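If you read the sequence from its start, that first residue is 1, and numbering goes on from there. All values derive from a computational prediction rather than experimental measurement. Atoms within each ligand, like the ligands themselves, are counted from 1 in listed order.
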Amino acid sequence: MSRFHFPFELEIFVVTELESNSILLYDKDEKEGIIVDCGGSQDKVVQRVKELSLKINHVYYTHGHFDHVDFTGQLAEYLKCPITVHSRDQSVYHKQLAFKKRICKVCNDTSVPDILDHHEGEEFHFGRFKGTIIHTPGHSPGSCSFYIPDILIMTGDTIFAQGVGHTRGPGASRIMLKESIKNKLLILNDGLIVLPGHGPFTTIGAERKYLTQYVSDLPQKGSECTSSSSAPSASTEQCPCDDPTSSSQASENKKS
Ligand SMILES: [Zn+2]
Ligand SMILES: [Zn+2]
């Protein structure tokens with residue numbers, strides 16, 4: 001599945017036609033794990049958790065877009081553990097799942113359970129392993145990355161292999177996205193493995209040149225973003241998860 005090796009177990013379940021990564025991390029000796037994102041049916045994830053007799057400590061959402069939080073009800077029913085999103089994406093989460101409930105008469109799981117908040121700097125644990133939540137707003141106001149020092153960062157739709165998340169949804173901001181990338185991701189080591197919310201693994205080193213160019217027109221504090229820069233901007237943003245509640249662009253960014 002991956003050319004990378006981790007000191008813990010990591011399994012990816014690619015869900016929905018948008019190919020969102022639902023990520024199961026666990027310590028096989030201590031039988032404890034966490035789940036990051038659940039964008040589609042969680043049957044396989046739940047089955048795997050049962051097979052392994054895992055205790056799932058927590059389900060974390062990188063952000064509130066439907067392709068990362070769909071089927072929350074299914075997970076909540078089976079896993080009696082906290083499910084959280086950053087406080088600034090609570091309304092995104094509720095709006096997107098409520099929209100699905102309104103329009104979809106035949107969908108499985110149209111529930112919109114309340115979930116809790118997580119915050120910048122909060123630690124997460126599974127067995128002998130731990131990491132920290134980094135708030136990386138831009139793609140959405142509450143987008144977060146999940147950082148296990150010297151090993152892995154799960155970035156949701158903030159960055160992908162040779163791409164960044166779009167900034168068209170409510171509360172999104174291209175300037176904020178660039179600041180997050182510059183101040184919170186580009187400061188990390190080249191060898192750090194990146195697992196995005198869609199698509200394959202990459203590393204900070206492999207993305208450094210592209211991302212450095214992407215943020216090169218970042219304005220000084222207080223000034224407006226200009227469109228005259230030669231740095232890549234909107235045209236290079238990618239992520240298939242436009243906000244279905246706010247635009248008709250939902251299919252525009254489907255990955256080929
Ligand atoms: Zn997405
Ligand atoms: Zn998204």
Side-chain angles (χ1 to χ4, degrees), residues 12-24 35-42 45 59-72 75 83-100 107 112 115 118 133-146 153-181 184-185 194-202 207 211 214 233-256:
I12 301 171
F13 300 82
V14 178
V15 289
T16 81
E17 62 182 22
L18 300 181
E19 300 187 343
S20 310
N21 293 329
S22 184
I23 306 160
L24 170 64
I35 291 169
V36 176
D37 286 348
C38 74
S41 171
Q42 296 295 288
V45 184
V59 177
Y60 293 98
Y61 293 154
T62 57
H63 62 297
H65 288 163
F66 71 96
D67 58 320
H68 299 260
V69 305
D70 204 355
F71 289 83
T72 296
L75 273 189
I83 300 178
T84 57
V85 72
H86 191 277
S87 57
R88 292 187 61 201
D89 262 24
Q90 280 282 358
S91 68
V92 177
Y93 162 83
H94 280 281
K95 277 183 192 159
Q96 297 227 333
L97 287 192
F99 179 76
K100 176 188 171 187
C107 291
V112 191
I115 57 174
H118 56 234
I133 298 173
I134 303 176
H135 185 210
T136 46
H139 172 67
S140 70
S143 282
C144 287
S145 297
F146 293 79
I153 188 163
M154 292 164 279
T155 57
D157 291 353
T158 297
I159 63 168
F160 308 105
Q162 298 296 293
V164 298
H166 71 74
T167 51
R168 291 188 293 277
S173 157
R174 190 172 304 148
I175 292 180
M176 228 187 277
L177 177 65
K178 291 184 179 193
E179 285 175 342
S180 292
I181 291 169
K184 299 196 171 171
L185 300 183
V194 175
L195 177 52
H198 303 263
F201 287 97
T202 182
E207 303 307 315
L211 292 176
Y214 179 70
S233 56
S235 62
T236 60
E237 292 177 357
Q238 53 173 269
C239 164
C241 54
D242 266 307
D243 180 354
T245 64
S246 69
S247 77
S248 58
Q249 297 170 312
S251 62
E252 186 184 299
N253 272 353
K254 273 190 184 167
K255 286 185 174 175
S256 54

Novice: Could you state the interatomic distance from OG (Ser87) to NE2 (His135), rounded to the nearest 0.5 Å?
Specialist: 7.5 Å
Novice: For N/O/S atoms only: which one belongs to Asp157 and is nearest the Zn ion (ligand 1)?
Specialist: OD2
Novice: Would His65 count as a contact for the Zn ion (ligand 1), in the sense that one of its N, O or S atoms lies under 2.8 Å from it?
Specialist: no
Novice: Starting at CG of Asp157, measure out to CG of Asn21 and round the result to the nearest 0.5 Å.
Specialist: 9.5 Å
Novice: Angle at the Zn ion (ligand 2): provide the value between NE2 of His139 and NE2 of His63, rounding to 10 degrees.
Specialist: 100°
Novice: With a cut-off of 2.8 Å, does any N, O or S atom of His198 fall short of it relative to the Zn ion (ligand 1)?
Specialist: yes
Novice: If you check every N/O/S atom of Asp67, which is the one nearest the Zn ion (ligand 1)?
Specialist: OD2
Novice: Students often mix this up, so state it plainly: with edges at 30° and 60°, are the rings of His63 and His68 parallel, tilted or perpendicular?
Specialist: tilted
Novice: Checking Cys38 against Tyr61 for the side chain to side chain contact (heavy atoms under 4.5 Å, CB included) test, could you report, in this order, the C-alpha distance in whole Å, the side-chain angles of both residues, the deciding distance, and whether it holds?
Specialist: CA-CA 8 Å; Cys38 74; Tyr61 293 154; 3.2 Å; yes
Novice: Taking the Zn ion (ligand 1) as the reference point, name the nearest N/O/S atom of His68.
Specialist: NE2
Novice: From Ile23 CD1 over to Thr62 OG1, what is the distance, rounded to the nearest 0.5 angstrom?
Specialist: 7.5 Å
